[in-house]
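For reference, the structure is listed below as structure tokens.
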Amino acid sequence: MAIKWSSELELGIPVIDSQHHRIVEYINMLSHAQQSKSRAELFNVLDELVDYALSHFAFEENLMEESGYPFTNAHKKVHRLFARRVANFRQRAKAGDDITVELLHVLKAWLINHIKCDDRDYADAVKANLLEATKRAKARKGSWFNRLFG
Ligand SMILES: [Fe+2]
């Protein structure tokens, strides 16, 4: 069963929303790999999903830190725990366990909950900071522009 992307999963931060959307696509690809019963495909998708999720976490953590979000450290811990949990699944799968149904269940439940609760919690701080940063960048551009063309 695939996850359907919906506006309920959107934080209103386009760059993060598109990354979350991509993760949902990976989970759906994993679900497809599970149905096709191809272990090679399964491991491929799982590796890509883990890679992508980890870089997404790092990106998110940077934005949180930049914005001064007070629970950045707690959020980072949640990311680390998740990474450890998935690594565990991966090890079990390598050892021959059939973990896909359980893994898919965990991934779906975890992601939806994480986006709707944990990520939503940082959204206001990050949005406000991005807005400020855009203004500063525009102001800088303005002065650079004025110097050259004013
Ligand atoms: Fe997160």
Side-chain angles (χ1 to χ4, degrees), residues 1-36 38-141:
M1 261 209 315
I3 305 179
K4 252 186 118 173
W5 182 260
S6 77
S7 56
E8 265 179 74
L9 291 171
E10 276 170 13
L11 299 184
I13 304 168
V15 62
I16 294 289
D17 289 335
S18 73
Q19 291 177 2
H20 284 156
H21 196 166
R22 185 94 185 265
I23 293 176
V24 163
E25 282 171 2
Y26 273 122
I27 295 176
N28 289 337
M29 278 160 68
L30 201 64
S31 177
H32 182 264
Q34 185 239 332
Q35 279 152 21
S36 76
S38 158
R39 274 177 66 81
E41 190 190 338
L42 186 83
F43 277 111
N44 268 341
V45 178
L46 187 54
D47 285 345
E48 280 179 43
L49 176 111
V50 169
D51 265 6
Y52 191 80
L54 293 184
S55 58
H56 162 69
F57 288 164
F59 185 87
E60 239 183 26
E61 288 166 12
N62 272 327
L63 282 186
M64 277 187 269
E65 246 154 32
E66 290 286 336
S67 75
Y69 174 64
F71 305 110
T72 302
N73 276 334
H75 199 127
K76 278 184 175 177
K77 269 185 203 144
V78 173
H79 285 167
R80 298 289 93 80
L81 271 175
F82 175 78
R84 218 178 300 156
R85 215 166 155 193
V86 175
N88 220 323
F89 270 113
R90 209 184 167 284
Q91 259 176 4
R92 281 175 52 201
K94 281 276 177 204
D97 276 9
D98 186 5
I99 47 97
T100 32
V101 174
E102 195 187 338
L103 173 66
L104 275 168
H105 185 79
V106 166
L107 284 177
K108 285 177 191 173
W110 188 87
L111 183 82
I112 304 293
N113 175 65
H114 186 68
I115 295 177
K116 283 188 176 172
C117 302
D118 302 335
D119 289 351
R120 183 144 295 155
D121 196 64
Y122 74 59
D124 283 348
V126 166
K127 267 186 231 172
N129 190 49
L130 282 177
L131 202 69
E132 273 312 303
T134 313
K135 276 189 205 153
R136 281 198 301 272
K138 273 193 186 142
R140 270 203 303 277
K141 213 190 214 166

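Worth knowing before you read on, the calculation uses all heavy atoms, side chains too, and leaves out hydrogens, waters and symmetry mates. Ligands are counted one by one from 1 in listed order, and the atoms in each one are counted from 1 as well. By convention here, the first residue in the shown sequence is residue 1.
- With rounding to the nearest 0.5 angstrom, the CG atom of L54 is 15.0 Å from the CZ atom of F59.
- Atoms NE2 of H114 and NE2 of H79, as seen from the Fe ion (ligand 1), are separated by an angle of 90°, to the nearest 10°.
- In this structure, the side chain of D118 does not engage the main chain of N113 through any donor-acceptor pair within 3.5 Å.
- With Y122 as the partner, the ring pair (Phe, Tyr, Trp, His ring centres under 6.0 Å) test is satisfied by one option alone out of H75, H114, H79: H75.
- In this structure a side-chain-to-backbone donor-acceptor pair under 3.5 Å is present from R39 to A93.
- With the Fe ion (ligand 1) as vertex, D119 OD1 and E60 OE1 subtend 100°, rounded to 10°.
- Within H75, the N, O or S atom at minimum distance from the Fe ion (ligand 1) carries the name NE2.
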